[in-house]
Colleague: 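Sending over a structure as structure tokens; questions will come in a sec.
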Amino acid sequence: VQLQASGGGLVQAGGSLRLSCAASGRTFGRYTMGWFRQAPGKEREFVAGIMWTASNTYYADSVKGRFTISRDNAKNTANLQMNSLKPEDTAVYYCAASRYAAPRTPDGFDSWGQGTLVTVSS
């Protein structure tokens, strides 16, 4: 599956952004979808994931209660709604697809989008 992330931008602290990930391929509905982020000088870290059924979601503690991941299998899209953004959320955000159930590490994902930059100003 090929992925294309979009929706990044500059936002003030406390604001919101919605990231989207468009996928190609007829088997999108079989993949767990995830979002990761990577800040300058830091390792890529898990943000959120959603399994095939869309009812099973899981989050990093740092974003729980502020971010919401969703998917639309009919449209081959996965989204990340980010609310109450903080300066520490600034990073390049990547969407990813996995054949496995609920992975949280980068090596658990098979395909990656190109990344979209989110900058949160204080």
Side-chain angles (χ1 to χ4, degrees):
V1 62
Q2 292 183 322
L3 306 174
Q4 179 83 24
S6 62
L10 174 64
V11 63
Q12 289 188 332
S16 299
L17 277 176
R18 183 177 177 87
L19 305 183
S20 293
C21 181
S24 63
R26 291 175 290 179
T27 59
F28 174 77
R30 300 178 187 177
Y31 287 87
T32 292
M33 296 300 297
W35 286 94
F36 285 75
R37 65 187 181 187
Q38 188 165 18
K42 294 188 177 182
E43 293 187 351
R44 191 168 297 190
E45 65 172 355
F46 170 78
V47 174
I50 184 167
M51 293 178 62
W52 314 274
T53 63
S55 60
N56 293 329
T57 58
Y58 53 109
Y59 299 90
D61 288 343
S62 59
V63 306
K64 201 172 294 183
R66 299 188 298 121
F67 291 10
T68 302
I69 189 171
S70 61
R71 69 188 295 163
D72 185 336
N73 289 340
K75 296 182 179 178
N76 278 16
T77 57
N79 302 301
L80 185 68
Q81 178 66 42
M82 305 186 296
N83 298 330
S84 302
L85 283 161
K86 304 174 181 179
E88 52 263 44
D89 294 319
T90 295
V92 177
Y93 283 71
Y94 298 89
C95 63
S98 173
R99 295 166 291 166
Y100 304 108
R104 289 179 175 262
T105 59
D107 58 6
F109 286 80
D110 307 293
S111 301
W112 293 83
Q114 84 288 2
T116 185
L117 177 62
V118 172
T119 303
V120 184
S121 63
S122 57

Colleague: Taking all non-hydrogen atoms of both residues into account, name the closest pair between T32 and Y100 and its distance.
Modeller: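 That closest heavy-atom pairing would be OG1-O, 2.7 Å.
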
Colleague: Not counting sequence neighbours, list each pair that qualifies as a disulfide bond (SG atoms under 2.5 Å apart) and has a residue in residues 61-93.
Modeller: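 Of all non-adjacent pairs touching residues 61-93, none passes disulfide bond (SG atoms under 2.5 Å apart).
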
Colleague: Honestly curious: do L3 and W35 fall in one hydrophobic cluster under the side-chain, below-4.5 Å linking rule?
Modeller: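 Result: yes, single cluster for both.
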
Colleague: Output every pair passing disulfide bond (SG atoms under 2.5 Å apart) with a member in residues 51-91, not counting sequence neighbours, ordered by first then second residue.
Modeller: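 Qualifying pairs, neighbours excluded: none.
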
Colleague: Could you check if a side-chain atom of R104 sits within less than 4.5 angstrom of a side-chain atom of Y58, using non-hydrogen atoms only?
Modeller: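 Contact flag for R104/Y58 side chains = yes.
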
Colleague: Just to verify, what does R37 make a salt bridge (Lys or Arg N to Asp or Glu O under 4.0 Å) with, not counting sequence neighbours?
Modeller: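 For R37, the residues satisfying salt bridge (Lys or Arg N to Asp or Glu O under 4.0 Å) (neighbours in sequence not counted) are E45, D89.
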
Colleague: Which heavy atom of M51 sits nearest a heavy atom of A101, and at what distance?
Modeller: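 Of all heavy-atom pairs spanning M51 and A101, the closest is CE-CB, 3.6 Å.
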
Colleague: Taking all heavy atoms of S98 and all of P103, pick out the closest pair and write down the distance.
Modeller: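 Of all heavy-atom pairs spanning S98 and P103, the closest is OG-CG, 3.4 Å.
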
Colleague: Could you pull out all residues at least two apart from Q2 that satisfy side-chain hydrogen bond (donor to acceptor under 3.5 Å, both in side chains)?
Modeller: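 Checked Q2 against side-chain hydrogen bond (donor to acceptor under 3.5 Å, both in side chains); zero matches.
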
Colleague: Where do R71 and G29 come nearest, in terms of heavy atoms and distance?
Modeller: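 Distance-wise, the nearest heavy atoms are NH2-CA, 3.9 Å.
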
Colleague: Identify all side-chain donor-acceptor contacts of residues 76-87 below 3.5 Å with residues at least two apart in sequence or on another chain.
Modeller:
| from | atom 1 | to | atom 2 | distance (Å) |
| --- | --- | --- | --- | --- |
| N76 | ND2 | A23 | O | 3.4 |
| N76 | ND2 | G25 | O | 2.9 |
| N79 | OD1 | S20 | OG | 2.9 |
| Q81 | OE1 | R18 | NH1 | 3.4 |
| Q81 | NE2 | N83 | OD1 | 2.9 |
| N83 | OD1 | S16 | OG | 2.9 |

Colleague: Just to verify, what does T105 make a side-chain hydrogen bond (donor to acceptor under 3.5 Å, both in side chains) with, not counting sequence neighbours?
Modeller: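 Checked T105 against side-chain hydrogen bond (donor to acceptor under 3.5 Å, both in side chains); matches are D107.
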
Colleague: May I ask whether V47 and I50 are part of the same hydrophobic cluster, defined by side-chain heavy atoms of I, L, V, M, F, W, Y residues being less than 4.5 angstrom apart, directly or through others?
Modeller: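 Same cluster: V47 reaches I50 through Ile, Leu, Val, Met, Phe, Trp or Tyr contacts under 4.5 Å.
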
Colleague: In chain order, what residues pass the salt bridge (Lys or Arg N to Asp or Glu O under 4.0 Å) check against D61, with sequence neighbours excluded?
Modeller: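 Per chain and number, D61 pairs via salt bridge (Lys or Arg N to Asp or Glu O under 4.0 Å) with K64.
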
Colleague: For T27, what residues pass the side chain to side chain contact (heavy atoms under 4.5 Å, CB included) criterion, not counting sequence neighbours?
Modeller: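 T27: side chain to side chain contact (heavy atoms under 4.5 Å, CB included) contacts with R30, Y31.
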
Colleague: Is it true that V120 and V92 fall in one hydrophobic cluster, defined by side-chain heavy atoms closer than 4.5 Å?
Modeller: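 V120 and V92: separate clusters.
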
Colleague: Looking at residues at least two apart in the chain, or sitting in another chain, which of them share a salt bridge (Lys or Arg N to Asp or Glu O under 4.0 Å) with D110?
Modeller: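 So D110 forms a salt bridge (Lys or Arg N to Asp or Glu O under 4.0 Å) with R99.
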
Colleague: Is the shortest heavy-atom distance from the side chain of V118 to the side chain of L19 under 4.5 Å?
Modeller: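 The answer is yes, as the side chains (C-beta and beyond) meet within the 4.5 Å cut-off.
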
Colleague: Kindly state each residue pair satisfying disulfide bond (SG atoms under 2.5 Å apart) with at least one member in residues 69-112, sequence neighbours excluded.
Modeller: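 The answer is C21-C95.
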
Colleague: Between I69 and T57, what is the shortest heavy-atom contact and its length?
Modeller: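 What the structure gives for the nearest pair is CG2-CG2, 3.8 Å.
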
Colleague: Taking a hydrophobic cluster as the set of Ile, Leu, Val, Met, Phe, Trp and Tyr residues connected by side-chain heavy atoms closer than 4.5 Å, whether directly or through intermediates, do L17 and Y94 fall within one such cluster?
Modeller: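 No; Y94 is not reachable from L17 via cluster members.
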
Colleague: Quick check for you: to the nearest 0.5 Å, what is the distance between T119 atom OG1 and L117 atom CG?
Modeller: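 Going from OG1 on T119 over to CG on L117, the span is 4.0 Å.
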
Colleague: Within the distance-only criterion (no hydrogens, no angle test), does the side chain of Q114 pair as donor or acceptor with the backbone N or O of Q4 below 3.5 angstrom?
Modeller: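 No, the answer is negative, given that no donor and acceptor are paired below the 3.5 Å cut-off.
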
Colleague: Ring pair (Phe, Tyr, Trp, His ring centres under 6.0 Å) with F36: which residues, sequence neighbours excluded?
Modeller: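 Partners of F36 by the ring pair (Phe, Tyr, Trp, His ring centres under 6.0 Å) criterion, ordered by chain and then number, come out as F46, F109, W112.
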
